[in-house]
Amino acid sequence: QVQVVESGGGLVQAGGSLRLSCAASGSIFKIFSINVMGWYRQAPGKQRELVAAITSGGTNYADSVKGRFTISRDSATISRDSAKNTVYLQMNSLKPEDTAIYYCHMGRGPDDYWGQGTQVTVSS
């Protein structure tokens with residue numbers, strides 16, 4: 001199994017910054033098989049949308065966050081018989097419309113791993 005845990009959400013004023021972290025841990029095979037990592041968000045009454053994604057080929061951002069958000073990752077690490085993958089989302093110049101629950105996603109093909117979500121609230 002793969003466990004995905006996000007952290008770093010919170011309340012911030014418009015114009016401020018937050019950094020989200022996401023760690024996926026589990027079997028070495030599954031963790032090292034992951035080839036896409038990303039962040040999605042879901043605001044009240046809206047559908048979940050892709051915010052940013054990173055693969056070996058590069059990064060991809062929603063138009064609404066380009067120039068303000070940056071996705072990055074650490075190399076996967078191994079510890080005894082398990083492994084860990086970490087992805088980050090640096091969010092700058094936050095706007096009230098960025099308020100949402102942010103979800104971390106990692107996967108490869110049919111294997112999808114999701115976190116429980118972390119709340120980001122931007123006050124005006």
Minimum-distance pair of heavy atoms, taken over all atoms of Ala83 and Ile31: O-CG1, 3.5 Å

Pairing residues for Thr99 by the side chain to side chain contact (heavy atoms under 4.5 Å, CB included) criterion, not counting sequence neighbours: Gln119, Thr121, Val122

Residue pair Val2, Met106: steps toward the side-chain contact (heavy atoms from CB on, under 4.5 Å) verdict: CA-CA 10 Å; Val2 174; Met106 298 192 191; over 6 Å; no

Side chain to side chain contact (heavy atoms under 4.5 Å, CB included) partners of Ser123, counting only residues at least two apart: Leu11, Gln13

Cluster overlap Tyr102 with Val12, hydrophobic side-chain contacts below 4.5 Å: yes

Donor-acceptor contacts under 3.5 Å from residues 71-82 side chains, at least two apart:
| residue | atom | partner | partner atom | Å |
| --- | --- | --- | --- | --- |
| Arg73 | NH2 | Asn85 | OD1 | 3.2 |
| Asp74 | OD2 | Tyr88 | OH | 2.5 |
| Ser82 | OG | Ser79 | O | 3.3 |

Student check: side-chain heavy atoms of Asn35 and Ser56 closer than 4.5 Å: no

With Ser17 via side chain to side chain contact (heavy atoms under 4.5 Å, CB included) - residues at least two apart: Gln90, Asn92

Cluster check Val51, Leu18: I/L/V/M/F/W/Y, side chain < 4.5 angstrom: yes

NE2 on His105 to CH2 on Trp39, rounded to 0.5 Å: 12.5 Å

Qualifying salt bridge (Lys or Arg N to Asp or Glu O under 4.0 Å) pairs, either residue in residues 53-70, two or more places apart: Asp63-Lys66, Arg68-Asp98

Least distance between heavy atoms, Val4 atom then Cys22 atom: CG1-SG, 3.3 Å

Gap between atom CD of Gln42 and atom CD of Gln47 - 0.5 Å precision: 8.0 Å

Spacing of Leu89 atom CG and Thr118 atom OG1 [to the nearest 0.5 Å]: 11.0 Å

Verify same cluster id: Ile54, Leu20 (apolar side-chain graph, 4.5 Å): yes

Least distance between heavy atoms, Ala14 atom then Pro96 atom: CB-CD, 4.1 Å

Shared hydrophobic cluster, Val65 / Tyr103 (ILVMFWY, side-chain heavy atoms < 4.5 Å): no

Check: Gln116 side chain, Glu6 main-chain N or O, donor-acceptor pair, under 3.5 Å: no

For the student: nearest non-hydrogen atoms of Cys104 and Val87, plus distance: SG-CG1, 3.7 Å

Reported OG-to-NZ distance for the pair Ser25 and Lys30, which is rounded to 0.5 angstrom: 13.0 Å

Spacing of CE belonging to Met37 relative to OH belonging to Tyr113, to within rounding of 0.5 Å: 13.0 Å

Shortest non-hydrogen separation from Phe69 to Tyr61 and the atoms involved: O-CE2, 3.3 Å

Any residue meeting side chain to side chain contact (heavy atoms under 4.5 Å, CB included) with Ser33, in chain and number order, not counting sequence neighbours: Phe29, Arg108

